[in-house]
Structures are given as structure tokens and as C-alpha cells.
2 protein chains.
Amino acid sequence: MTELLTQNILNHITLSKKELESFCSLFNQKEVRKKHFLMQEGEICKFEGFVTKGLFRVYHIDSNGFEQVLYFAQENWWITDIDSFTNETPSQLYIQALEDSEVLLISKKDKEFAYNNIPKIEKLFRVMTQKTHIALQRRIIDNLSKTADRRYIDFIEKYPNLFQRLTNLQIAAYLGISHEFLSKIRRKIASKK
Amino acid sequence: MTELLTQNILNHITLSKKELESFCSLFNQKEVRKKHFLMQEGEICKFEGFVTKGLFRVYHIDSNGFEQVLYFAQENWWITDIDSFTNETPSQLYIQALEDSEVLLISKKDKEFAYNNIPKIEKLFRVMTQKTHIALQRRIIDNLSKTADRRYIDFIEKYPNLFQRLTNLQIAAYLGISHEFLSKIRRKIASKK
DNA sequence: TTCATTTATTGAACTTGTTCAATGTTTTGA
DNA sequence: TCAAAACATTGAACAAGTTCAATAAATGAA
């Protein structure tokens, strides 16, 4: 059940079998059915999660009612609202399952316990946060410098697997364009082939 | 010389005087004159820096020759290319002083030394990276959901101090719009008052 | 299977932002 | 202090992306 999780951890740092077991035992499995929410706006995010099955979207609804997707999380991805979780403030995000899904959740208290009792866990999350940080920086530059066509093509190349599993509505909300315009981009690309 | 730095650290975590001194001693001061570069594209970023005086911009030049500003760093801000520094890959960024400036630099080797010998330093950088992570997430959502007028007004409100010190060219490159268009936004705002 | 719901496509009119070129203003360095 | 360079503004033509409304296609639940 925690195979994927242990693999993911060992991909970032080295842990003894004992440390690994101790850390993994802090997680609880949860099933989330398609369209159901792991968290909604206004709640305080009490968990950090690791997806073992299915697919989630993390999104925001702005003052005009438009949805912006911050990221998608499929198997082997971590998921949380780091802002709400860290500062214990009401979240501005929704986390919704786009397929029948399963996550391993760790509570804030248990994560603190891990930080204090398994020193390398501090490093694990520093390294993971750094990686996300790098990805976010790249996305900001891409959003500033690239046209929507280019961002769409890059998305397909970077996440061919997600592309298969997502509707164009979801992809448009990630790229920051209307789904009608995405449709026109798709036509243009198709006609070029 | 390291007063600002110690204050900044104590803002994030608790350290004994000894730990603090030991960590601060790993930094070297460097002056960077206006318009000079702390780092340029293609170099491998060998340092992490803390600005004690002046102002820097961290930016990228895209394939069409346009500049995108990732962030500005004034006094009390940290500065690095975390991607290049972490992965030891050639940087895609420029770091340039916009005023006569001073930074305290720590090398990768000394930072590793600190991680291994002052356990709380691991926590310091985890906490700092988390905060940046949160800020980057907010910026992505803002870039996706807000119009240029709104982003400009928000920028002024959020960084009134930076607004004073920056040219409109720099601000436009941060907002992701042409400086001509920023000029038109400014006229529109001025006429409304 | 079927019918309701969600998703995708299309066109026309519109808004936001860019590009280019010209002109005026401010800063800066010798 | 003064000329050169950098910065800021403006208008006109254009390109990128949105909005709205209509229709078609795919999906899903009973």
C-alpha cells in the first residue's frame, strides 16, 4: 500500500528501513470518488497527501467565477495547499478528484512529529519543496513569455499522460485561456499537419 | 555587517548565538556596482546571496529577445538561481544590480557544511523555500486571473517601496506587458483620479 | 437503451495587449 | 555642464484572446 510512497521518498533521500517504516506508518489511506473534494475553499488544510491512484486538480475560483488550475496531481504526486497548511489560514483552493482516487494523508501533527524525530525528513521536504519551487519558476517565465499555442504544445509534450486523462476544459484552465480559444488552437494545429 | 542577516534568520527559526555566529561566518561580502552582474546566463550558480544594500533584478531573456523579470531583491531579500544552484546546470537567468549594491554570499560547499553541522539550518531553508513557494503560487494565480491594470495596481500596493525605486520598463517586464502598454495603463489610472 | 448533462466546436463582434515609429523628458557620465 | 543615452508617452494599425450564442458530439446515470 505504501510501496509507491517509499519509492518516491528514496528517490529524494536515503532512509534506513526502520526510518522509512516509522515515517510511512504516519500516513492514512483515503478514497476519494470522482468529482468529490479532498478540500474546499475556506477550510484550513489539515493534511499533506501523496496520490497512489487516480487524479486530482488543485484550483482557485476568482472573483468573476473563473477557475484557474494551479496543478494536477496524479499517481506519485504530492498534494496540499502549502499556504493554508503552513500558516493555518483558510484555503483559497479546491482540491477535487477527477477520477476515483486514493491518497495517503499525513496530518500536520504527525508531520511535525516526523520533523522532530526523523531528522532526514526535514531534508526530504526541503528537497521536495525546492523541486516544486524550480517548476513554479519555470511556469511563471513560460506564462510571461510564451503564447497560448506554445504553452499548449509544451503541455502536451511535458505531460502526455495527463493530456490523455484531462478534458480540454481542464487544460484550458491550467493554461489560463478560455476553452473556446483552446478549441481554435487545436483546429489550427490539426490543420497544419 | 551581518546584523540584517541575523535578524532575518531569527525571523524564521530560533538559533543559539553560537550557531548563529558559526553560520554567519560562512558568508562573504561582495559589492556589485549598478548595472553590473552577479551572474549571467550560461554560468553555473555557485552561491546563495542575502542582499544587505541596494537592489537586484533576476530576469530571463526569451528566444525573441524579450526580458521577463522573475523577481526583484532589495535589502533583506535572498537571491539565487535555485535551479542552477541545486542541479549545477547552466543558468537561464541574469542577476543584475539596479543600484550600487552589497550582498553576503555563501558557497554551495559552505551551505552543505551548514546543513550537515548545524541541523537547524536544514529547517531554515525548508521554511524559507516554503514561503517563496507560497508567493510563487499566488503569482501564478494572479497572472492567470487578473488583467494587467489590476496586476499593476496590486504591485504598487504590495511593493510601494520597490515601485519608487524601479523604472516603468522594469515593472512592465515583471508584469509581463510591454512598457508602452504600461504607459497607457498609467494614463488611464491618472485620468480616473 | 435513452435522455439529460457535460464537453467540444464554430463564427462574429468585441476587448486587451502589441508593435512600430515618432516625440518629449530625464538621467548620467565625461 | 552638456551631449548622449536611457526612459516615458502617444497614436495608429495590428494580433491575441474573450465573450456570447448556437450547435454538435460524447458521456453517464437510471
Atom pairs and distances, side-chain donor-acceptor, residues 151-158 of chain A, under 3.5 Å, sequence neighbours left out:
{"from": "Arg151(A)", "atom 1": "NE", "to": "Asn143(A)", "atom 2": "OD1", "distance (Å)": "3.4"}
{"from": "Arg151(A)", "atom 1": "NH1", "to": "Lys146(A)", "atom 2": "O", "distance (Å)": "3.0"}
{"from": "Arg151(A)", "atom 1": "NH2", "to": "Leu175(A)", "atom 2": "O", "distance (Å)": "2.5"}
{"from": "Tyr152(A)", "atom 1": "OH", "to": "Arg186(A)", "atom 2": "NH1", "distance (Å)": "3.1"}
{"from": "Asp154(A)", "atom 1": "OD1", "to": "Arg150(A)", "atom 2": "NE", "distance (Å)": "3.3"}
{"from": "Asp154(A)", "atom 1": "OD1", "to": "Arg150(A)", "atom 2": "NH2", "distance (Å)": "3.1"}
{"from": "Asp154(A)", "atom 1": "OD2", "to": "Lys146(A)", "atom 2": "NZ", "distance (Å)": "2.9"}

Using 4.0 Å as the upper bound for N to carboxylate O, is an ion pair formed by Glu48(B) and Lys111(B)?
yes
Rounded to the nearest angstrom, tell me the gap between atom [atom1] in [X] and atom [atom2] in [N].
X	N	atom1	atom2	result
Glu180(B)	dA13(D)	CD	P	17 Å
Leu144(B)	dG17(D)	CG	C1'	14 Å
Lys188(B)	dT9(D)	NZ	P	15 Å
Asp100(A)	dT27(D)	CG	C1'	15 Å
Asn143(B)	dG17(D)	CG	P	14 Å
Leu98(B)	dA6(D)	CG	P	14 Å

Check whether NZ of the Lys or CZ of the Arg Arg126(A) lies under 6.0 Å from the centre of the six-membered ring of Tyr115(B) and within 45 degrees of that ring's axis.
yes
Between Lys35(A) and Phe181(B), which is nearer to the 5' end of DNA chain C once each is assigned its nearest nucleotide?
Lys35(A)
Comparing Ser178(B) with Lys34(B), nearest DNA chain C nucleotide closer to 5' gives the residue Ser178(B)
Between the two ends of the helix from dT1(C)-dA30(D) to dA30(C)-dT1(D), what is the bend in degrees, rounded to 10 degrees, where each end axis spans five pairs?
60°
May I ask you to decide if [Y]'s main-chain N or O and [X]'s side chain share a donor-acceptor pair within less than 3.5 Å?
X	Y	result
Thr132(A)	Gln130(A)	no
Ser183(A)	His179(A)	no
Ser84(A)	Thr89(A)	yes

Remaining members of Ile134(B)'s ILVMFWY cluster at a side-chain heavy-atom cut-off under 4.5 Å?
Ile82(A)
Phe85(A): hydrophobic cluster co-members (side-chain, 4.5 Å):
none
Please state whether the rings of Tyr159(A) and Tyr174(A) are parallel, tilted or perpendicular, taking 30° and 60° as the class boundaries.
perpendicular
Parallel under 30°, tilted from 30 to 60°, perpendicular over 60°: which one fits the rings of Tyr59(B) and Phe37(B)?
tilted
For a salt bridge (charged side-chain N to carboxylate O under 4.0 Å, His left out) check, start with the C-alpha distance between Lys53(B) and Glu75(B), then their side-chain angles and the critical distance, and finish with the verdict.
CA-CA 5 Å; Lys53(B) 186 190 148 196; Glu75(B) 297 83 3; over 6 Å; no
Of all of residues 163-177 of chain A, which get a heavy atom below 4.0 angstrom from DNA chain C, listed by number?
Thr167(A), Asn168(A), Leu169(A)
Span of DNA chain C in contact with chain A (heavy atoms, under 4.0 Å):
dT7(C) to dA12(C)
Are OP1 or OP2 of dG17(D) and a side-chain N or O of Thr147(A) less than 4.0 angstrom apart?
yes
With a 4.0 Å limit, can you tell me whether Arg187(B) has a side-chain N or O closer than that to the phosphate oxygens OP1/OP2 of dT10(D)?
yes
